[in-house]
**Q** 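Let me give you the structure first, and then I'll get to my questions.
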Amino acid sequence: MKIRVRFAAFFCMAAAMSVPVSCVTKPAVREIVFEDQMTLLQARSIQSRTFELTDRIQAMRSVLTTLQDLDFVIDGADSSLGIITATKLQRYQLHITVKVDALDSGRIRVRAQMSAGMVELAQGVYQEFFASLEKNFFLFG
Amino acid sequence: MKKKFNRPIWWIFPAAAGVLCACAMQVQPEHLRLVPESLAKRQLQTRIFQTGDEAAVLAAATATLQDIGFLVDESEVPLGLVVASKERSAVQPAEVAGQITLAILIGLTGNNYDPVWDETQIMRVSLVATPVMTEQSGTAVRITFQRIVFTNKGGVSKSEALGTPEIYREFFDKLSKALFLEAQEI
């Protein structure tokens with residue numbers, strides 16, 4: 001009997017505790033859709049680079065080469081929108097979307113966004129990606 | 001004996017293991033760095049065909065991929081890109097037999113074990129054709145393979161880039177035949 005009472009008390013406590021915990025930890029859908037881990041400008045500056053290039057299609061081809069050099073397999077591309085998507089499979093699945101735009105100033109802007117699901121991106125991944133891309137821009141124009 | 005573990009030295013090992021695990025679970029900058037091996041890999045994955053007709057090369061490459069059972073998922077001619085995939089069985093009878101035996105043995109001890117084995121695999125390929133403007137003019141074709149293996153429980157057991165030299169050689173031999181052209185290594 002004592003055991004039953006103790007079990008019931010434990011169960012009630014656990015249930016009571018789970019309610020506020022679930023309220024606190026469950027993020028609202030709005031927060032997931034509009035998450036702002038950093039300010040918009042910060043994100044853009046980390047994820048974007050502008051290059052002294054003029055040919056957008058040639059720039060996109062260099063992005064494809066760089067992604068293949070880095071062991072990505074290309075998922076798809078749209079030359080009219082300037083979008084390339086690719087995935088790298090290791091212990092994680094790293095997805096990347098690269099957007100290549102021709103600016104009015106005659107230069108090319110490249111914006112990359114990476115996501116590896118629950119696996120975090122260490123600091124410096126974007127800088128390293130753009131350094132690799134710059135090398136290929138230099139080699140292939 | 002207890003005192004022995006109070007020494008700071010014993011805490012270094014779990015701490016180091018923790019740091020290593022944390023690093024392993026992050027995408028590190030060096031994973032996005034071009035290294036000398038990248039060039040060697042590029043050479044392995046690329047052949048140059050002595051034709052400036054990029055569209056013809058893409059058409060032949062697409063036909064070759066279809067011949068070896070791939071379904072074309074995406075194509076973007078202005079960029080010379082074709083993406084294809086195929087799903088195949090990944091079942092290995094020895095692995096299945098091993099898992100079922102293990103489940104029976106564990107079951108005899110009164111515990112439960114849900115046997116898990118590789119069931120299906122999705123192979124994906126991306127192929128990029130690029131005009132070559134150097135002294136060796138023509139069209140360069142680069143192909144990269146990867147696969148994801150799923151278990152009978154729906155989990156992912158392997159996700160990896162593929163590509164032994166033999167795979168690339170065989171693919172480019174087939175593509176050469178399709179194009180009636182001799183492929184040259186870069």
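Just so we're on the same page: letters track the sequence lines, and every chain starts at 1.
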**Q** Honestly curious: do A:Ile74 and A:Leu89 fall in one hydrophobic cluster under the side-chain, below-4.5 Å linking rule?
**A**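 No, separate clusters.
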**Q** Check for me, please, whether A:Phe130 and B:Val27 land in the same ILVMFWY cluster - side-chain distances under 4.5 Å, paths through other members count.
**A**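 Yes, it is one cluster - the side chains of A:Phe130 and B:Val27 are joined through contacts under 4.5 Å.
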**Q** Which residues, numbered in order, of residues 77-85 of chain A come under 4.5 angstrom of chain B by heavy-atom distance?
**A**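 A:Ala77, A:Asp78, A:Ser79, A:Ser80 fall under the 4.5 Å cut-off.
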**Q** Between A:Leu121 and A:Leu67, is there a shared hydrophobic cluster once you connect ILVMFWY residues whose side-chain heavy atoms come closer than 4.5 Å?
**A**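 Yes; A:Leu67 is reachable from A:Leu121 via cluster members.
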**Q** Taking B:Arg33 first and then A:Asp69, would you say they form a salt bridge - that is, a charged N and a carboxylate O separated by under 4.0 Å?
**A**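 Salt bridge: no.
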**Q** Given side chains that start at C-beta, do those of A:Asn136 and B:Leu34 come closer than 4.5 Å, heavy atoms only?
**A**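 Answer yes - side chains close enough.
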**Q** Between A:Leu70 and A:Met60, is there shared hydrophobic-cluster membership here, with clusters defined by ILVMFWY side-chain heavy atoms closer than 4.5 Å?
**A**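 In one cluster: yes.
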**Q** Between B:Glu160 and chain A, with a heavy-atom cut-off of 4.5 Å, which part of the residue counts as in contact: side chain, backbone, both or neither?
**A**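 Backbone of B:Glu160 only, per the 4.5 Å heavy-atom cut-off to chain A.
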**Q** Taking 4.0 angstrom as the limit, do A:Arg61 and B:Glu76 come out as a salt bridge?
**A**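 No.
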**Q** Are B:Val91 and B:Val149 co-members of a hydrophobic cluster defined by side-chain heavy atoms under 4.5 Å apart?
**A**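 No; tracing contacts between hydrophobic side chains, which count when under 4.5 Å, never links both residues.
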**Q** Other residues, nucleotides and ligands only: do more than 12 of their heavy atoms fall within 6.0 Å of CD on A:Glu120?
**A**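 At most 12 heavy atoms, drawn from other residues, nucleotides or ligands, come within 6.0 Å of this atom.
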**Q** Return the OH to NE2 distance between A:Tyr92 and B:His31, rounded to the nearest 0.5 Å.
**A**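 It comes to 4.5 Å.
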**Q** Between B:Ala40 and chain A, which part of the residue has a heavy atom less than 4.5 Å away: side chain, backbone, both or neither?
**A**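 Answer is neither: B:Ala40 stays 4.5 Å or more from chain A.
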**Q** Need one label for A:Met118: side chain, backbone, both or neither, based on atoms under 4.5 Å from any heavy atom in chain B.
**A**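 When you check distances to chain B, no heavy atom of A:Met118 falls under 4.5 Å.
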**Q** To the nearest 0.5 angstrom, please state how far the NZ atom of A:Lys88 sits from the OG atom of B:Ser159.
**A**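 That separation rounds to 12.0 Å.
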**Q** Could you check whether any side-chain heavy atom of A:Thr65 comes within less than 4.5 Å of a side-chain heavy atom of B:Arg142, counting everything from C-beta outward?
**A**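 Yes, side chains in contact.
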**Q** How many angstroms lie between atom CD of B:Gln45 and atom CD of A:Gln68, to the nearest 0.5 angstrom?
**A**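 Here the interatomic distance stands at 7.0 Å.
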**Q** Go through B:Val77, B:Leu79, B:Ile148, B:Asp73 and name the one with the most non-hydrogen pairs under 4.5 angstrom from chain A.
**A**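 Heavy-atom pair counts peak at B:Leu79.
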**Q** Minimum heavy-atom separation for A:Phe72 to B:Leu32, with atom names?
**A**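 So the minimum-distance heavy-atom pair works out to CE1-CD2, 3.7 Å.
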**Q** Just wondering, are more than 12 heavy atoms of other shown residues or ligands nearer than 6.0 Å to NZ in B:Lys174?
**A**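 No.
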**Q** Quick one: of A:Gln90, A:Gln93, A:Met114, who has the most non-hydrogen atom pairs under 4.5 Å with chain B?
**A**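 Most heavy-atom pairs under 4.5 Å with chain B: A:Gln90.
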**Q** Name the region of A:Leu64, side chain, backbone, both or neither, that has any atom closer than 4.5 Å to a heavy atom of chain B.
**A**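 The side chain, not the backbone.
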**Q** Measure A:Ile57 against the heavy atoms of chain B and call it side chain, backbone, both or neither at under 4.5 Å.
**A**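 When you check distances to chain B, atoms from both the backbone and side chain of A:Ile57 fall under 4.5 Å.
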**Q** Can you pull out the residues in residues 102-127 of chain B with any heavy atom less than 4.5 Å from chain A?
**A**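 Answer by number: B:Arg124, B:Val125, B:Ser126.
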